[in-house]
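The sequence lines fix the lettering, A, B, ..., with proteins before strands; numbering per chain opens at 1. The model shown is predicted, which means the values in this text are computed figures rather than measured ones.
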Amino acid sequence: MFELELFSNASARPSLPTGVTRLEGFALEWQDALLAALTQVIAAAPLRHMLTPGGQRMSVAMTNCGALGWITDRRGYRYAALDPRSGEPWPALPEVIRKLAAAAGLAAGYASFEPDACLINCYAPGARMSLHQDRDEQDFGAPIVSVSLGLPATFLIGGLTRRERPLRLPLAHGDVVVWGGPARLAYHGVAPVVDGLHPKLGRQRINLTLRRAGALKLNGN
DNA sequence: AAGTACCA
DNA sequence: AAAG
């Protein structure tokens with residue numbers, strides 16, 4: 001009775017905030033194609049530690065693919081069509097990523113999610129991402145689709161103000177989180193990644209964050 | 001490990 | 001501009 005209550009409380013799943021969807025294992029069937037595509041993207045646009053406008057080095061190594069890439073440096077946060085390191089456009093968004101994004105969007109209730117930006121975040125053990133909002137996009141009607149690969153991590157997802165305490169959501173290889181609508185501007189982050197060894201990715205976590213950064217097309221598609 | 005304060 |  002007492003122990004039973006404890007057990008049922010401990011195993012109860014925390015309800016997600018309105019507008020947040022977790023798709024466990026959703027990306028597993030795409031994993032091999034995803035990893036092959038990522039290898040090519042990273043070869044063309046290497047992972048690098050960007051600087052915040054305050055001049056501090058981010059612990060997460062980043063690169064991008066797609067028409068637009070999110071960057072940060074002393075001049076600020078923004079999307080750019082060219083990789084500042086090479087002066088060349090970011091690698092094209094691989095087909096497998098487009099398909100995965102559309103499928104995940106659909107599963108979360110977004111009929112036509114067509115990202116134009118894919119931020120690739122690489123977390124070595126200890127790397128983290130403090131709470132922030134994704135607010136550099138031109139239109140907040142499209143959701144954010146986040147794909148986790150490699151080492152597990154604790155995703156932090158809060159509300160629209162920094163004061164609200166974030167929910168701690170364990171994420172494993174293949175999990176996808178989608179947030180949009182009332183949660184589109186939710187504060188979110190990642191707790192420091194615990195060291196470990198993933199069979200396919202080794203000692204790292206890779207996160208793909210898919211977004212519509214530029215203007216939405218007026219007539220769908 | 002998590003929470004809070006603080007930083008300019 | 002503390003996505004530290």
Within a 6.0 Å radius of atom CD on A:Q40, are there more than 12 heavy atoms belonging to other residues, nucleotides or ligands? no
Of A:S59 and A:P53, the one whose nearest nucleotide on DNA chain C sits closer to the 5' end is A:P53
Flag side-chain contact, heavy atom, 4.5 Å: A:P152 against A:L171: no
Is there side-chain contact between A:P143 and A:F113, with at least one heavy-atom pair below 4.5 Å? yes
Is the shortest heavy-atom distance from the side chain of A:T209 to the side chain of A:I144 under 4.5 Å? yes
Residue pair A:I206 / A:L38, side-chain heavy-atom distance below 4.5 Å: yes
In whole angstrom, what separates A:Q133's CD from C:dA1's C1'? 13 Å
If you compare every side-chain N and O of A:Y77 against the phosphate oxygens of C:dA1 (OP1, OP2), does one of them come in below 4.0 Å? no
Applying a 3.5 angstrom cut-off to the pairing atoms, does DNA chain C sit in any stems of at least three consecutive Watson-Crick or G-U pairs? List them by first number. none
Is there a donor and acceptor pair, one atom on the side chain of A:D73 and one on the base of C:dA1, closer than 3.5 Å? no
Do the side-chain N or O atoms of A:T52 get closer than 4.0 angstrom to the phosphate oxygens (OP1, OP2) of C:dA1? no
Output the rounded distance in Å from CD1 (A:I71) to P (C:dA3). 16 Å
May I ask you to say what A:G54 touches in the nucleic acid, namely base, sugar-phosphate or nothing, with a heavy-atom cut-off under 4.0 Å? sugar-phosphate
Just to be sure I understand the rule, does A:T72 reach a base, reach only the sugar-phosphate, or reach nothing, if contact means heavy atoms closer than 4.0 Å? nothing
Sugar-phosphate, base or nothing in reach of A:N121, heavy atoms under 4.0 Å: nothing
Rounded to the Å, how far apart are A:E137 CD and C:dA3 P? 13 Å
Check whether any side-chain heavy atom of A:Q204 sits under 4.5 Å from a side-chain heavy atom of A:H198, and report yes or no. no
Applying a 4.0 Å non-hydrogen cut-off, can you work out what A:L51 is touching in the nucleic acid: base, sugar-phosphate, or nothing? nothing
Just checking A:R74: base, sugar-phosphate only, or nothing, at a heavy-atom cut-off of under 4.0 Å? nothing
With the side chain counted from C-beta on, respond yes when A:I71 and A:R78 share a heavy-atom pair under 4.5 Å apart, and no when they do not. yes
Closer than 4.0 angstrom, basic N to acidic O: yes or no for A:D139 and A:R184? no
OH of A:Y79 versus P of C:dA3: gap in Å, rounded? 13 Å
Let me know the distance between CZ of A:R162 and P of B:dA5, rounded to the nearest Å. 15 Å
Below 4.0 angstrom, N of the basic side chain to O of the carboxylate: do A:K200 and A:D32 qualify? yes
Flag, side chain of A:H132 to backbone of A:Y187, donor-acceptor distance under 3.5 Å: no
Distance between C1' atoms of B:dT4 and C:dA2 (Å, rounded): 15 Å
Could you go through nucleotides 1-4 of chain B and list every protein N or O atom that sits under 3.5 Å from one of its N or O atoms, giving the distance for each pair?
| from | atom 1 | to | atom 2 | distance (Å) |
| --- | --- | --- | --- | --- |
| B:dA2 | OP1 | A:R168 | NE | 3.4 |
| B:dA2 | OP1 | A:R168 | NH2 | 2.9 |
| B:dA2 | OP2 | A:R168 | NH2 | 3.1 |

So what does A:R128 touch, heavy atoms closer than 4.0 Å: a base, only the sugar-phosphate, or nothing? sugar-phosphate
Between A:R211 and C:dA3, is there a contact of a side-chain N or O with OP1 or OP2 at under 4.0 Å? no
